[in-house]
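Below: one structure, written as structure tokens.
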Amino acid sequence: MTVRVVFVLTLIVLTAPVFGAASGLNLMPTADVLEKGTAAVETERAGEQFHMFTSKESALLMQLGLGKDIEIGYDDYSDGKTFGAWNVKLAVAWRNGFPAAAIGVQNVGNGIKPQPYAVGHIPFVCGRLHAGLIGINGSTHPMFGYDRSLNERLMFQADYIEGDENAGSLGLSFNLSSSIGITAAYIRNNVGPDRDNCLLTLSWYPSIF
């Protein structure tokens, strides 16, 4: 735990102005790829409405852009027990100089099943419409998303992943500064007795090299 805290504090000290967001929506990955040398460090808390700060579900998410079209990351999750998972994403198509389609895999680690995916986006109603497929526990699930900038700092984002173990969401992402952002989202699980949840994410976007 001490190593993780020192790592996060070091990244904050090294932070340079980088406007943007981590390369995903509330739940689903997108075709966006972090620029070379840019990192996203996020601390995340999830739980039932009005009980999220007493929930045991939390995560530390770390992503790093390695080049024009590739990023790699490591996520440290805790829901009463702790486990880690790697992920990697490769942009395979571009539009106006920016990634428009990507393939990747997430949830790579000991004792867990990897989740390969393909995703892309197109301009749609003053924003972007995202769509793709993701493999979870041997089944392929469609996923859809939408994001739209409301002003220089505020973005609306929504997404949905099909499947009993998945969910949909509505959220707002706000840039507190050029390198710090916060996202709050309402999560609706597809099935189960406790379907209404919240997600709160605090993000740093440091420039590493």
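The basis for the numbers below is simple: all heavy atoms, side chains too, and nothing from hydrogens, waters or symmetry mates. This is a predicted model, so every value here is computed, not measured.
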* ring pair (Phe, Tyr, Trp, His ring centres under 6.0 Å) involving Trp94 - partner list, sequence neighbours excluded -> none
* Inter-residue atom distance Arg128.CZ - His121.NE2, 0.5 Å rounding -> 4.5 Å
* Any donor-acceptor N/O pair, Arg153 side chain to Asn175 backbone, under 3.5 Å -> yes
* Who are the ring pair (Phe, Tyr, Trp, His ring centres under 6.0 Å) partners of Tyr77, not counting sequence neighbours? -> Phe83
* Could you check Glu44 against Ser58 for side-chain hydrogen bond (donor to acceptor under 3.5 Å, both in side chains), going step by step and ending with a plain yes or no? => CA-CA 5 Å; Glu44 192 173 88; Ser58 62; over 6 Å; no
* **Student check: side-chain heavy atoms of Asn197 and Arg188 closer than 4.5 Å** => no
* **Pair Leu64-Leu34, side chain to side chain contact (heavy atoms under 4.5 Å, CB included): steps then yes or no** => CA-CA 7 Å; Leu64 178 65; Leu34 292 170; 5.9 Å; no
* To do: Not counting sequence neighbours, which residues clear ring pair (Phe, Tyr, Trp, His ring centres under 6.0 Å) with Phe98? List them please.
  => none
* Asked: Going only through I, L, V, M, F, W and Y residues with side-chain contacts under 4.5 Å, is there a path from Ile103 to Val108?
  -> yes
* Do the side chains of Thr201 and Ile182 get nearer than 4.5 Å, heavy atoms only? -> no
* Gln115, Gln106, Gln63 screened by side-chain hydrogen bond (donor to acceptor under 3.5 Å, both in side chains) with Asn87, the one that passes -> Gln63
* **Whether Tyr146 side chain and Val125 backbone form a donor-acceptor pair below 3.5 Å** => yes
* Asked: Are the side chain of Asn189 and the backbone of Gly192 linked by a donor-acceptor contact shorter than 3.5 Å?
  -> no
